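The structure appears right after this line, and notes come after that.
Worth saying up front: this structure is predicted, and the values here are computed from it rather than measured. Both backbone and side-chain heavy atoms feed into the values below; hydrogens, waters and symmetry mates do not. As the structure lists them, so they are numbered: ligands from 1, and atoms in each ligand from 1. Residues take their numbers from the sequence shown, with the count starting at 1.
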Amino acid sequence: MLNIALFGPPGAGKGTQSEFLIKKYKLFYISTGDILRKEIADKTKLGLEAQSIIASGGLVSDEIIVQIIEKTITENPDANGFLFDGFPRTYIQAYILEGLMIKLNTSLNCLISLNVEEDESVKRLLDRGKTSGRSDDNEVVIRNRLKEYNEKTLPVLRFYKDKGIFRELNGANSIDKVKKGIQKIIREELSKNLFNIVLFGYPGSGRGSQGIALAKKFGLEYVATGPMLEQEIEKNTETGKKIKELYDNGQLVPDEIVVQLIEKKLESSKGIKGFIFKGYPRTLVQSYILDGLLKKHGSSIAQVIEIEVPTLELIKRLDERSKTERCMSYDTSTSKIVKRLQEHENKTVPVIEKYNQLHGVTKIDGLGSFNEVFERISNEISKLI
Ligand code: AMP
């Protein structure tokens, strides 16, 4: 979900910018002012209560605001995200928004403040008053609205500055320039919003083929360190040459090399929804590295999945595979297969246990056809993505 609050004095251009934002990012628009005006036009009880306050340029009660926002967000649980305009308007409403986001199991990505000087605000609102038909777009009420803004609304900024999700733009710039500024902020937010999955399973559990298919289905980038290393060797890059030497000497590839490759992948992937990691992290040390890498990119692990297959079935599958052309160089003998299973048990199972304590691990029954297992994993991802 992408949840944004547009902030600024009356006349800052929040409504104008909202029009393009809701179209481009398919957000559900919540303008408390618009909702209140509709309640007044419909002559509802709530509208009658709010009417005189709005006419004088004051702020309506938090009780009324909570009622209308709660109703709107609970009626639209499938929204891609929400765009708030005119809310939160008081320090208390910032707390209220936090609570409402918790209820939806989400959070506000950022509050974007469109900064405009008071004189410019007044000028714009008087201009708008000629055509808006809004009774509160007249000089006396405008002055009062700005007074309310300075006294009650500006302190909201402190809340978001403290939280570290405050962004600001010069609202006096042209509509197009402000629009570009907002887009840049949102692009940054979306990259923080990546949905990252770590896919675990013993060798032979089907994690590789499932990982590739899942990445395709959910628009994720598949990150499998094994094939990434192979690719470097094939391309005969400097790193590839180093890796080949290590392989030839039967040595493990050091974490530094793997980290560099993952980092390159994280940096070069644009416009994706997230990553699906397979074969990494394999050790506790690597799990700390991955957490650190993702954190550096403002991201984190959203879901950890383990495909479970009984040991005998794994041996049967790996043995069968070793007799086909899909045989991997590391599965050519029983002793090699047993060694790989043991490695997983000794080094990777503790990683899964760590994640189980931290985030919980989604366990998937890996028996059955490819499609059956794919269906099971997809269902679990769909619940969260
Ligand atoms: P707007 O369309 O955002 O300029 O809002 C018009 C009027 O609606 C304001 O001057 C307030 O009287 C009222 N209003 C809108 N949103 C809120 C809010 N979050 N809290 C209190 N009053 C609000």
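- Listed by chain and number, residues touching ligand 1 at under 4.0 Å (heavy atoms only) are Thr32, Gly33, Leu36, Arg37, Ile54, Gly58, Leu59, Val60, Ile65, Gly86, Phe87, Arg89, Gln93, Arg134, Asp136, Arg145.
- Side chains of Glu345 and Tyr202: a donor on one and an acceptor on the other come within 3.5 Å.
- Residue pairs that meet the salt bridge (charged side-chain N to carboxylate O under 4.0 Å, His left out) test with at least one member in residues 204-225, sequence neighbours left out, are Glu221-Lys265.
- A ring-ring contact (aromatic ring centres under 6.0 Å, His included) check over residues 94-123, counting only residues at least two apart or in different chains, returns the pairs Tyr91-Tyr95, Tyr95-Phe159.
- A salt bridge between Arg143 and Glu139 is present, with a side-chain N of the basic residue lying under 4.0 Å from a carboxylate O of the acidic one.
- Within the structure, the salt bridge (charged side-chain N to carboxylate O under 4.0 Å, His left out) test picks out the following pairs touching residues 26-41 (sequence neighbours left out): Asp34-Arg37, Lys38-Asp42.
- Side-chain N or O atoms of Asn196 include one that pairs as donor or acceptor with a backbone N or O of Phe275 at under 3.5 Å.
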